[in-house]
Amino acid sequence: MELNDEILINAPVSVVYAALNDPKILEECIPGCEELIKYSDTELEAKVVLKVGPVKARFLGNVVLDTSGAPHQFSLTGNGNGGVAGFAKGGADVILEADGENTLLKYTAKADIGGKIAQLGSRLMTSTAKKLAGKFFTRFAEIVDEKQAV
């Protein structure tokens with residue numbers, strides 16, 4: 001499964017990049033996130049509860065960031081295990097482009113899933129993934145906007 005989208009955020013690239021590296025902001029934006037632990041500048045662990053169709057599961061996942069193109073580009077890879085519900089693994093490439101005083105955030109995400117959640121069908125999984133990504137970036141833009149207004 002692959003997702004592509006972009007969102008305009010009312011803040012400069014440096015502010016958006018810093019927010020994308022702030023575990024408190026990320027924890028608030030990730031749908032179903034119960035806990036996000038930052039072990040280093042490039043390693044995170046997340047506990048997330050998700051409901052996909054009739055399947056609800058708690059996932060424990062690890063994420064590794066590649067910030068070599070910072071602050072305008074970075075990527076992440078991760079995997080999560082939801083026990084009997086299944087697993088997910090994938091990654092995303094994020095590009096931040098200045099648009100005047102704002103930032104255009106573009107992303108391409110890829111994911112592979114297995115277990116019970118994979119049996120739900122690609123149409124349900126794709127629509128759920130799009131909905132979750134939309135929730136994340138909408139909330140992220142709101143938080144960054146709020147911080148800029150202060």
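For reference, positions follow the sequence shown, starting with 1.
- Partners of K38 according to the side chain to side chain donor-acceptor pair (under 3.5 Å) rule, which considers only residues two or more places apart in sequence or in another chain, do not exist here.
- Not counting sequence neighbours, Q73 has no partner by the side chain to side chain donor-acceptor pair (under 3.5 Å) test.
- Considering only residues two or more places apart in sequence or on other chains, Y107 meets the ring-ring contact (aromatic ring centres under 6.0 Å, His included) condition with F137.
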Output side-chain donor-acceptor pairs under 3.5 Å for residues 123-133, partner residues at least two apart or in another chain, one line each.
| residue | atom | partner | partner atom | Å |
| --- | --- | --- | --- | --- |
| T126 | OG1 | S122 | O | 2.8 |
| S127 | OG | R123 | O | 3.3 |
| S127 | OG | L124 | O | 3.1 |
| T128 | OG1 | L124 | O | 2.8 |

Distance-only criterion, 3.5 Å: show the donor-acceptor pairs between side-chain atoms of residues 75-92 and protein atoms not counting sequence neighbours.
| residue | atom | partner | partner atom | Å |
| --- | --- | --- | --- | --- |
| N81 | OD1 | G83 | N | 2.7 |

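- No more than 12 heavy atoms of other residues, nucleotides or ligands sit less than 6.0 Å from atom CD of E101.
- By the salt bridge (charged side-chain N to carboxylate O under 4.0 Å, His left out) test, K51 pairs with no residue at all, sequence neighbours left out.
- In this structure E35 satisfies the side chain to side chain donor-acceptor pair (under 3.5 Å) test together with K47, sequence neighbours excluded.
- Taking the side chain to side chain donor-acceptor pair (under 3.5 Å) definition, one finds that E34 meets it with R58, sequence neighbours left out.
- When hydrophobic side chains of Ile, Leu, Val, Met, Phe, Trp and Tyr are connected at separations under 4.5 Å, V49 ends up as a singleton with no cluster partners.
- The two residues T103 and V13 come nearest to each other via the heavy atoms OG1-N, 2.9 Å.
- The salt bridge (charged side-chain N to carboxylate O under 4.0 Å, His left out) search around E6 returns none, not counting sequence neighbours.
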Name the atoms and distances for all side-chain donor-acceptor pairs under 3.5 Å in residues 142-150, with sequence neighbours left out.
| residue | atom | partner | partner atom | Å |
| --- | --- | --- | --- | --- |
| E142 | OE1 | R139 | NH1 | 3.1 |
| D145 | OD1 | N10 | N | 3.4 |
| D145 | OD2 | N10 | ND2 | 3.4 |

Please assess L105 against V94 for the test side-chain contact (heavy atoms from CB on, under 4.5 Å), listing each intermediate value before the final yes or no. CA-CA 7 Å; L105 183 153; V94 178; 4.0 Å; yes
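- Sorted by first and then second residue, the ring-ring contact (aromatic ring centres under 6.0 Å, His included) pairs involving residues 32-58 (not counting sequence neighbours) form an empty list.
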